[in-house]
J.: 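There's a structure below that I have some questions on.
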Number of protein chains: 2
Amino acid sequence: MGIPRCDHLLIAAAALLDKAGPAAVTLRDVGRAVGVSHNAPYRHFASKQDLLASLIARELRDVCKEAEALERLPSPQTLILTFARWALAYPERFRLMIFHWPDGAHADLCEARCRWQAMFIRAIEIQQAAALLPTGDPERLSCLIRSTALGAIQHYLATGGKDTPPAEVIGDLFGYLARGAQRAPPTNAALVAELSGAVD
Amino acid sequence: MGIPRCDHLLIAAAALLDKAGPAAVTLRDVGRAVGVSHNAPYRHFASKQDLLASLIARELRDVCKEAEALERLPSPQTLILTFARWALAYPERFRLMIFHWPDGAHADLCEARCRWQAMFIRAIEIQQAAALLPTGDPERLSCLIRSTALGAIQHYLATGGKDTPPAEVIGDLFGYLARGAQRAPPTNAALVAELSGAVD
DNA sequence: ACCTGAACACCGTTCAAGT
DNA sequence: ACCTGAACACCGTTCAAGT
């Protein structure tokens, strides 16, 4: 039990979220799950909003760490598909993430977003330098790819998995981008196939 | 006052939503705004969820009607930018729309979604036939464009308008798609410019 | 048919205490 | 420092009445 009480609360909240959706995560149940009173969480988080923002900040940081642990910076294709795999594995966390708008600009959450984005842009610049992706402002290209992935995941989950899987939509985009590049970028066929089977 | 009580409740709910976000729309305040008791809405809607789903179904239907009122079917570029303009004008309604997941598959909402999507696919097929967009499954191409727009709007609004405006992201996508077509599709420069100025 | 008021179980949050 | 229990104001929903 070396795990801090603070993280314990976040884990309990994530479990409630995954099991029964955002409406089911109440401070009372979170406290109950870790064996403290219904307002003990206020010792660690300023409000329920703060707890939820901290939860997705931690998730995003974990996704970053997973990529950073590799010996080489992954390709943009791998990075975005890793993110999509996380979203498909934990749909309610993803939903919470996209629902959480400014509302106060949570510091940890902003930092986690920036960290992922910086890594993604670096990955794009490398493929641009190798003529695997079209030239142009890498931040702008990042925005296009990120938008497509975000929307594809959102729509796929919102329709209950009845539409085109995100990996295929993302693959289509990279296909069109390849025509703007001098050489075709890798398709990461293995990851795409793995991701396509992640949700029925 | 020929307006039905049912619509009156939806309008009041939309006003509360726009003014103070999703947390502020309570059945009690909605009832108060139209001058009825706090549970009169139950005569018209099965639950709060039902009222909210009906609200965005009505919104989506209005967006459809706006396009259908024109003498000719608008281009895919115009359709998607009209949707984006609506989203930027009513960010909280858009947020509610993307937050509303299966949760029961609201009939009116599903119908409105299908109606818009069918119109969009028809518009794509027309440009494909004219060699203005790449060939291939129009439904698949529709999914790519729709995903990009959805994600671009979401990200733009979530960052408080600090990132690339949705119209430019969508424009970039159509630019890359044009390289896969025999002739370049129209860019709808006027609509793009109008939309770019819609949110500071 | 349509609405009302009271009531129920629940929630986030605050606060005065406890150790 | 960290937690507790009671309390407050609020919420969605139900239900027995009213017309």
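Within every chain, numbering begins at 1; the chains are lettered A, B, ... in the order of the sequence lines, protein sequences first and strands thereafter.
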J.: Both A/V36 and B/L27 contact DNA chain D. Taking the nearest nucleotide for each, which residue is further toward the 5' end?
T.: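 Final value for this comparison: A/V36.
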
J.: Counting only side-chain N and O atoms of B/T26, is one of them less than 4.0 Å from OP1 or OP2 of D/dC11?
T.: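 Yes, B/T26 has a side-chain N/O under 4.0 Å of OP1/OP2 on D/dC11.
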
J.: Against the six-membered ring of A/F99, is B/R95 placed for a cation-pi contact (under 6.0 Å from the centre, within 45° of the normal)?
T.: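 Judged by the rule (NZ or CZ under 6.0 Å from the ring centre, within 45° of its axis), B/R95 counts as positioned above A/F99.
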
J.: How about A/E139 and A/Q117: does a side-chain donor come under 3.5 Å of a side-chain acceptor?
T.: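 A/E139 vs A/Q117: no donor-acceptor pair found between side chains.
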
J.: Does A/H38 place a side-chain N or O at less than 4.0 Å from the phosphate oxygens OP1/OP2 of D/dC3?
T.: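 Result: no.
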
J.: Using a heavy-atom distance cut-off of less than 4.0 Å, which residues of residues 11-19 of chain A contact DNA chain D?
T.: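 DNA chain D contact set from residues 11-19 of chain A: none.
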
J.: Tell me if a side-chain donor or acceptor on A/T78 pairs with a main-chain N or O of A/P74 at a distance below 3.5 Å.
T.: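 No, because the side chain of A/T78 does not come within donor-acceptor range (under 3.5 Å) of the backbone of A/P74.
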
J.: Just how far, in rounded Å, is P of D/dT4 from CZ of A/R28?
T.: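 Spelled out: CZ on A/R28 to P on D/dT4 is 13 Å.
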
J.: Indicate the atoms forming the closest heavy-atom contact of A/A152 with B/S147, along with that distance.
T.: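 Heavy-atom minimum between the residues: CA-OG, 3.3 Å.
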
J.: CG of A/L10 to NE2 of A/H44: how many Å apart, nearest 0.5 Å?
T.: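 A/L10 atom CG to A/H44 atom NE2 measures 10.0 Å (nearest 0.5 Å).
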
J.: Which nucleotide in the set C/dC3, C/dC11, D/dA6 lies at the smallest distance from any side-chain heavy atom of A/D29?
T.: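 That would be C/dC11.
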
J.: We want to know whether A/H155 and B/R146 form a side-chain donor-acceptor pair, criterion being a heavy-atom distance below 3.5 angstrom.
T.: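 Yes, B/R146 and A/H155 have a side-chain donor paired with an acceptor closer than 3.5 Å.
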
J.: Considering only heavy atoms and no angle criterion, is a donor-acceptor pair shorter than 3.5 Å present between the side chain of B/N39 and the base of C/dT4?
T.: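 Donor-acceptor pair under 3.5 Å: no.
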
J.: Tell me: CZ of A/F45 to C1' of C/dG12, nearest whole Å?
T.: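 For the pair A/F45 CZ and C/dG12 C1', the rounded distance is 16 Å.
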
J.: Return one dot-bracket line describing DNA chain D 5' to 3' (Watson-Crick or G-U wobble pairs, both distances under 3.5 Å; ( ) same strand, [ ] crossing, | another strand, . none).
T.: ||.|||||...|||||.||

J.: Which of the following nucleotides, C/dG12, D/dT4, D/dG12, is nearest to the side chain of A/Y42?
T.: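 Among C/dG12, D/dT4, D/dG12, the one nearest the side chain of A/Y42 is C/dG12.
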
J.: Nearest nucleotide by nearest heavy atom, which residue falls closer to the 5' end of DNA chain C, A/R32 or A/A46?
T.: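 Result: A/R32.
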
J.: Counting only side-chain nitrogens and oxygens, does A/R43 get under 4.0 Å of the OP1 or OP2 atom of D/dT4?
T.: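 Answer no for this pair, as no side-chain N or O of A/R43 is under 4.0 Å from OP1 or OP2.
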
J.: With a cut-off of less than 4.0 Å, is there a side-chain N or O of B/R5 near OP1 or OP2 of C/dC3?
T.: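 B/R5 to C/dC3 OP1/OP2: side-chain N or O found under 4.0 Å.
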
J.: Would you measure the distance from the P atom in C/dA17 across to the matching atom in D/dC2 and give it in whole Å?
T.: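 Result for the P pair: 22 Å, nearest Å.
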
J.: Of all heavy-atom pairs between B/V34 and B/H8, which one has the smallest distance, and what is that distance?
T.: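 Shortest heavy-atom contact: CG1-O, 3.7 Å.
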
J.: Identify which nucleotide among D/dG12, C/dG12, C/dT13 has an atom closest to any side-chain atom of B/K48, counting heavy atoms from C-beta outward.
T.: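 Ranking D/dG12, C/dG12, C/dT13 by closest atom to the B/K48 side chain puts D/dG12 first.
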
J.: Could you tell me the separation between the CG atom of A/L51 and the P atom of C/dT13, rounded to a whole number of Å?
T.: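 Checked: the CG to P distance equals 10 Å.
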
J.: Search all heavy atoms of B/P76 against all heavy atoms of B/F120 and return the closest pair with its distance.
T.: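 Taking every non-hydrogen atom into account, O-CE1, 3.5 Å.
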
J.: Quick one, B/S75 with B/Q77, criterion side chain to side chain donor-acceptor pair (under 3.5 Å). Give me CA distance, side-chain angles, the key distance, then yes/no.
T.: CA-CA 5 Å; B/S75 68; B/Q77 292 86 352; 3.3 Å; yes

J.: So how far is it from A/E68 CD to A/W116 CH2, rounded to the nearest 0.5 Å?
T.: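 A/E68 CD to A/W116 CH2: 12.0 Å, rounded to 0.5 Å.
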
J.: Rounded to whole Å, please give me the gap between CG in B/L52 and C1' in D/dG12.
T.: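 Interatomic distance, CG of B/L52 to C1' of D/dG12: 12 Å.
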
